[in-house]
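Encoded as structure tokens, the structure appears first; notes follow it.
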Amino acid sequence: MAHFRLFDLNDQQYRAATHPQGALLVLAGAGTGKTRVLTARIAWLVSQGVPPSSILAVTFTNKAVREMRERIISILSAQEAKVMTISTFHALCVRFLRRDAALLGYKENFSILDESDQKGLIKKLATRIHDTEDPLSPEIAEAFISNVKNATASIHQAPAALQSLFLRYQEELQALNAMDFDDLLVNACHLLASEEEVRLFWQQHYKYLLVDEFQDTNKLQLELLSHLVGDPVNLCVVGDDDQSIYGWRGAQRSNLLQFEKHFAHPQIIKLEQNYRSTHLILQAANRLIEHNAHRHKKNLWSTQEEGEPIRVISGAEERSEAEFIIDEISFMNPSQWDHVAILYRMNAQSRLFESILREKNIPYRLIGGKSFFDRREIRDVMAYLRALLNPQDDQALLRVLTTPPCGLGKRTLALLIQIAAEKKSPLCSLLLHPAEHQAFSSKSREALARFSENWSSYQIRLQIPGQDPALLLEDILREAGYRDDLKKSCKTPQEAHQREHHVEELLESLREYCQKNPHQGIQGFLDSMSLAQEKEEKKEERHGVTLITLHAAKGLEFEQVYLVGLEEGILPHARSQEEGNIEEERRLCYVGMTRAKKKLTITYARARRKFGKLLPSTPSPFLLELAGEDVHESTMEEILSRPLQELDAQDAFASIRALLQ
DNA sequence: GAGTTGCTTCTTTTT
DNA sequence: GAAGCAACTC
């Protein structure tokens with residue numbers, strides 16, 4: 001066990017990593033080596049003879065999964081990392097459900113509806129129910145449905161229209177053999193709760209549970225864990241109540257704060273030594289978070305140097321804010337760029353930064369935002385796969401029928417849908433049976449026949465063992481004339497090229513996936529795509545200035561951080577103030593500040609464009625709360641009119657030299 | 001039946 | 001200021 005000191009763990013970390021058994025709660029402040037403890041614990045378990053396949057590590061985001069897997073590979077081996085389950089909650093649920101969905105009345109080839117499919121369906125149903133006097137807003141309906149599923153709202157207290165919408169929506173999903181994101185959790189919980197055999201199976205499979213970011217778990221996720229924990233209990237959770245920023249998704253900090261209520265006699269270990277930030281950064285962040293009333297008091301301390309003072313800088317408006325920051329970055333040595341991040345509250349804020357960075361030819365990586373999978377062409381191709389795998393998925397099939405148009409127009413499709421609804425059977429069963437085509441014109445009949453013939457042949461090919469899925473997809477796209485149609489719909493050749501490239505990329509990742517996971521098939525590929533909100537970056541492609549939301553930045557760290565848009569209405573966000581969640585916004589700000597290792601710059605604009613109009617903005621109240629001697633306030637104009645100091649000049653020369661090389 | 005234009009409406013955060 | 005949507009034209 002002595003070699004464990006190799007990890008250079010402090011006493012608390014060491015105790016957590018080598019805790020033998022039972023429930024373990026690690027309260028880990030920002031930058032105290034949370035992930036390091038988790039990975040060290042996994043390594044320790046393996047060193048004690050625990051089979052890697054019986055270890056389950058759960059996190060919230062795919063990014064965290066990737067990161068943890070990489071770390072495990074670096075300390076254990078790729079082989080051991082592979083047989084371990086490192087997964088998001090949602091992906092874990094899919095795994096359970098693919099095995100046993102039949103017990104819940106679904107087929108195991110169910111589709112996973114992404115957000116925009118879900119929105120579309122809700123909209124459709126909302127307009128259908130709309131005959132009452134007050135029209136249903138799809139946004140409200142969507143939030144309501146999610147809240148009911150996450151057990152934060154009760155269906156019985158809602159207006160009748162919402163109730164019936166909810167029920168219709170669930171019926172519709174059942175008919176499509178589809179689940180939305182929330183259903184994955186709901187159904188997996190239900191499965192484990194009601195089927196003892198299944199529960200025991202997974203309990204015996206996963207004997208060692210580790211959960212990251214436990215403060216973000218909601219009621220269902222806690223329930224899922226409690227079903228998974230077997231006997232003897234071996235559960236290790238890590239979290240920080242000050243970094244709980246997913247309340248809007250039903251996360252309950254009480255899961256962490258009252259851990260002992262859920263799991264008996266836990267060992268509690270606090271990690272308070274911060275290894276990340278300079279003393280001044282930590283101090284300012286602590287000052288801010290002290291303003292929150294309900295929290296676990298902790299005593300975060302840093303052994304790091306005092307560091308540079310924190311800067312709070314205002315610009316005239318959003319453009320000057322962005323230009324100032326990027327000017328500064330452009331004067332840094334380009335080797336620094338990988339270690340700089342710009343953090344913002346909403347994705348929309350990234351746009352300006354992006355365009356200026358592009359103007360200046362500074363490489364950047366944009367995390368999140370409009371994802372790869374939101375692109376039309378990707379959704380198209382995914383719809384082909386979905387419709388193929390789950391013939392009941394009318395949503396996907398409808399998309400296939402219209403992209404590219406296959407000779408069936410609005411009227412024919414409407415009639416088709418109507419007949420299907422009357423017969424209560426999925427579209428594809430109509431399509432594939434010529435006997436059902438009587439009602440249509442001869443032209444439509446022809447198109448229907450052609451389509452059904454092609455489609456059946458694809459279905460057959462899908463069943464052939466050893467069939468190359470990428471090849472099949474390639475053939476389908478070619479026979480449908482998809483690429484030509486895509487090209488035609490683009491306004492510029494560049495756009496066409498871009499979109500085609502995206503399709504190639506998707507095909508490429510399908511190929512890659514099938515090679516890496518020969519037994520998972522297209523279904524596995526589709527699952528991993530549905531649950532990944534962004535495309536995986538190749539390791540070597542990760543370079544340049546990072547643009548990222550505060551939410552997505554949790555768990556990451558950077559040498560230099562620019563925290564932007566500290567204005568009333570943005571951070572804290574206007575909506576959160578209405579809802580009285582100001583403490584969560586403060587935590588969000590805290591998360592942002594504690595991402596910085598060496599240098600922290602906080603900016604705001606004194607006026608900002610909203611709805612296309614320039615409006616004056618008020619500085620965020622958080623600025624006052626974090627203010628102190630070590631926080632220097634100024635304006636961008638002031639700094640720009642200041643004569644260049646010698647050090648700055650040296651820096652500038654260094655970066656020019658680097659550029660020339 | 002397909003494409004295009006001008007209208008409106010929204011803007012948190014993620015799986 | 002964009003992105004979706006409805007009504008309009010070819």
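Just so it is clear, the structure is predicted and the values come from calculations on it, not from any experiment. Numbers restart at 1 for each chain; the letters A, B, ... are given by sequence-line order, proteins then strands.
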Take A:Glu108 and A:Arg98 through the side chain to side chain contact (heavy atoms under 4.5 Å, CB included) test and state the conclusion after the steps.
CA-CA 5 Å; A:Glu108 77 294 330; A:Arg98 285 276 173 238; 5.5 Å; no

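- Listed nucleotides B:dT15, B:dT13, C:dG4 differ in distance to A:Lys123; the shortest reach to its side chain belongs to C:dG4.
- A stacked arrangement is not assigned to A:Phe60 and the six-membered base ring of B:dT14, the conditions of a centre distance below 5.5 Å and an interplanar angle below 30° not being jointly met.
- Taking the salt bridge (Lys or Arg N to Asp or Glu O under 4.0 Å) definition, one finds that A:Glu323 meets it with A:Arg319, sequence neighbours left out.
- When heavy atoms are screened at a 4.0 angstrom cut-off, A:Ser576 is found touching no nucleic acid atom at all.
- Rounded to whole Å, the distance from CG on A:Leu556 to P on B:dT14 is 12 Å.
- With contacts defined as side-chain heavy-atom distances shorter than 4.5 Å, the pair A:Phe96/A:Val94 does not qualify.
- Nucleotide B:dT14 holds its C1' atom 6 Å from the OH atom of A:Tyr246, rounded to whole Å.
- A:Asn347 has a side-chain polar atom (N or O) that falls below the 4.0 Å cut-off from OP1 or OP2 of B:dT14.
- Residues of residues 86-99 of chain A that place a heavy atom closer than 4.0 Å to DNA chain B, in numerical order, are A:Thr88, A:His90.
- Across the protein-nucleic acid pair, A:Leu588 atom CG and B:dT14 atom P stand 10 Å apart, rounded to whole Å.
- Checked options A:Arg608, A:Arg606, A:Arg609; the residue passing with A:Glu321 is A:Arg608 (criterion: salt bridge (Lys or Arg N to Asp or Glu O under 4.0 Å)).
- Closest to the A:Arg351 side chain, of the nucleotides B:dT15, C:dA2, B:dT13, is C:dA2.
- Side-chain atoms of A:Asp117 come within 3.5 Å of backbone N or O of A:Asp114 as a donor-acceptor pair.
- Distance CD1 (A:Ile582) to P (B:dT13): 17 Å, rounded to an integer number of Å.
- A:Asp240 places no side-chain N or O within 3.5 Å of a backbone atom of A:Lys34 that could act as its donor or acceptor partner.
- Rounded to whole Å, atom P of B:dT14 lies 21 Å from atom NZ of A:Lys149.
- For A:Arg249, the side-chain contact (heavy atoms from CB on, under 4.5 Å) criterion is met by A:Phe60, A:His90, A:Tyr246, not counting sequence neighbours.
- We find that CD of A:Glu585 is positioned 8 Å from C1' of B:dT13, with the value rounded to whole Å.
- For the pair A:Thr549 and B:dT14, the criterion of a side-chain N or O lying under 4.0 Å from OP1 or OP2 is met.
- In this view, A:Asp380 and A:Arg399 satisfy the salt bridge (Lys or Arg N to Asp or Glu O under 4.0 Å) rule, not counting sequence neighbours.
- A:Glu142 has its CD atom 15 Å from the P atom of B:dT14, to the nearest Å.
- No engagement by A:Glu584 is indicated, since no non-hydrogen atom pair under 4.0 Å with the nucleic acid exists.
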Show the distances under 3.5 angstrom between N or O atoms of the protein and N or O atoms of nucleotides 1-9 of chain B.
unit_1	atom_1	unit_2	atom_2	d
B:dG1	OP1	A:Thr412	OG1	3.1

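- Checked against ring pair (Phe, Tyr, Trp, His ring centres under 6.0 Å), A:Phe622 has no partners two or more places apart in sequence or in another chain.
- Counting non-hydrogen atoms of neighbouring residues, nucleotides and ligands closer than 6.0 angstrom, the NE2 atom of A:His190 reaches no more than 12 such neighbours.
- Look at CG on A:Leu571: it is 11 Å from C1' on B:dT13, rounded to the nearest Å.
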